[in-house]
Amino acid sequence: METRAVYPGSFDPVTNGHIDLIQRSAALFDQVIVAILRNTEKTPLFTVDERIEMLENVTRDMKNVSVTSFAGLLVDFVQELGASVIVRGIRAVSDYEYELQMALMNRRLSNKVETVFMLPAESYSFLSSKLVKEIAQLGGSVHAFVPEDVEKRLSGKFRTK
Ligand code: PNS
């Protein structure tokens, strides 16, 4: 039987750390669906459509990876897709508490969905979309942290003239 996994998140924007995790998941599961949360509470830098485009660009050659967005409860969405696994990345111990709480709550909401924690390469253990946005906004180089397309879009967002 095929194992379908969902990798949910904000991806505002996708970083090399996310890409590393997508590649690792794609090697482990038959199908990986990267799912962007359509969150009306947060004010993202990139629209959902922009984030989908950026993710589609970087996953184009990964044949078992697709990109979509979702609203509502993650466990409901996972089951609607016929998936049984939620993939989440843990970079450092500091991620663990929040991730554990979410995974246990999701298990409580549905015992048909399993959360799998994966570790990105150590070189990405300090990387986050939030820091990337801050660096780009303050004029620093994010070249080592995001794909070229994302780097260009970030400088487009923060260009002052
Ligand atoms: O990249 P993020 O912002 O850490 O991702 C958080 C995400 C999207 C995984 C989480 O907020 C989520 O699953 N939201 C959907 C609503 C939901 O199911 N809430 C209950 C979670 S226990």
Side-chain angles (χ1 to χ4, degrees), residues 1-134 142 144-147 150:
M1 220 189 78
E2 260 204 8
T3 308
R4 216 169 265 183
V6 174
Y7 178 28
S10 304
F11 303 103
D12 185 37
V14 59
T15 68
N16 291 343
H18 294 129
I19 297 166
D20 178 76
L21 221 75
I22 294 170
Q23 283 165 337
R24 288 173 196 279
S25 310
L28 207 55
F29 302 106
D30 296 303
Q31 268 194 58
V32 176
I33 299 131
V34 183
I36 301 169
L37 174 68
R38 292 199 301 274
N39 190 343
T40 46
E41 280 169 30
K42 277 193 195 172
T43 320
L45 178 64
F46 292 98
T47 65
V48 171
D49 285 345
E50 287 172 322
R51 284 179 273 161
I52 288 180
E53 257 178 52
M54 288 185 275
L55 272 159
E56 278 179 348
N57 287 343
V58 292
T59 57
R60 186 161 294 140
D61 294 332
M62 303 180 203
K63 293 297 166 229
N64 60 339
V65 176
S66 57
V67 182
T68 188
S69 66
F70 76 105
L73 275 183
L74 175 61
V75 286
D76 290 344
F77 177 69
V78 168
Q79 288 172 99
E80 277 161 29
L81 291 175
S84 55
V85 174
I86 295 170
V87 170
R88 290 287 289 174
I90 294 207
R91 290 162 298 191
V93 178
S94 50
D95 283 338
Y96 183 69
E97 209 169 325
Y98 168 62
E99 294 299 334
L100 175 72
Q101 187 185 18
M102 216 159 47
L104 292 177
M105 181 56 87
N106 280 331
R107 180 186 279 169
R108 185 66 185 265
L109 294 172
S110 170
N111 60 12
K112 295 194 178 78
V113 176
E114 225 30 91
T115 298
V116 171
F117 292 140
M118 295 189 67
L119 308 179
E122 310 87 279
S123 50
Y124 299 131
S125 59
F126 55 89
L127 188 51
S128 72
S129 299
K130 185 170 176 274
L131 284 183
V132 161
K133 282 183 280 193
E134 189 174 315
V142 292
F145 310 136
V146 294
V150 176

* V113 and N106: CA distance, side-chain angles, deciding distance, side chain to side chain contact (heavy atoms under 4.5 Å, CB included) verdict -> CA-CA 8 Å; V113 176; N106 280 331; 5.9 Å; no
* Using the side chain to side chain contact (heavy atoms under 4.5 Å, CB included) rule, take M118 and L28 through it: C-alpha gap first, then chi angles, then the decisive distance, then the call. => CA-CA 11 Å; M118 295 189 67; L28 207 55; 4.0 Å; yes
* Given side chain to side chain contact (heavy atoms under 4.5 Å, CB included), test L37 with F70 step by step and report yes or no. => CA-CA 5 Å; L37 174 68; F70 76 105; 3.8 Å; yes
Counterpart residues, side-chain hydrogen bond (donor to acceptor under 3.5 Å, both in side chains), relative to [X] (two or more places apart):
{"X": "Q31", "answer": "E2"}
{"X": "R4", "answer": "none"}
{"X": "E134", "answer": "none"}

side-chain contact (heavy atoms from CB on, under 4.5 Å) against [X], all qualifying residues, sequence neighbours excluded:
{"X": "N64", "result": "A26"}
{"X": "L100", "result": "Y96, L104"}
{"X": "A5", "result": "F29, V85, V87"}
{"X": "P147", "result": "N16, I19, V58, V150"}

* **Pairs meeting criterion side-chain hydrogen bond (donor to acceptor under 3.5 Å, both in side chains) with involvement of residues 65-76, two or more places apart** => R38-S69
* Structure fact -> Applying salt bridge (charged side-chain N to carboxylate O under 4.0 Å, His left out) to E114 and not counting sequence neighbours gives R107
* Structure fact -> With sequence neighbours left out, the residues meeting salt bridge (charged side-chain N to carboxylate O under 4.0 Å, His left out) with D95 are R91
Return the minimal non-hydrogen interatomic distance between [X] and [Y], and the atom names on each side.
{"X": "L45", "Y": "E50", "answer": "O-OE1, 4.3 Å"}
{"X": "P8", "Y": "R88", "answer": "O-NH1, 3.0 Å"}
{"X": "V65", "Y": "V34", "answer": "CG1-CG2, 4.0 Å"}
{"X": "V75", "Y": "I86", "answer": "CG1-CD1, 4.4 Å"}
{"X": "R51", "Y": "F46", "answer": "NE-O, 3.0 Å"}

Side-chain donor/acceptor pairs under 3.5 Å, residues 120-131, sequence neighbours excluded:
unit_1 : atom_1 : unit_2 : atom_2 : d
S125   : OG     : E122   : O      : 2.7
S128   : OG     : L131   : N      : 3.1
S129   : OG     : P13    : O      : 2.8

* To do: Output the distance between atom CE (M105) and atom OG1 (T115), rounded to the nearest 0.5 Å.
  => 12.5 Å
* To do: Nearest 0.5 Å please: distance from the CG atom of L55 over to the NE2 atom of H18.
  => 8.5 Å
* Between D12 and K133, is a side chain to side chain contact (heavy atoms under 4.5 Å, CB included) present by the stated rule, with each step listed? -> CA-CA 9 Å; D12 185 37; K133 282 183 280 193; 3.0 Å; yes
* Structure fact -> For F145, the ring-ring contact (aromatic ring centres under 6.0 Å, His included) test, sequence neighbours excluded, returns none
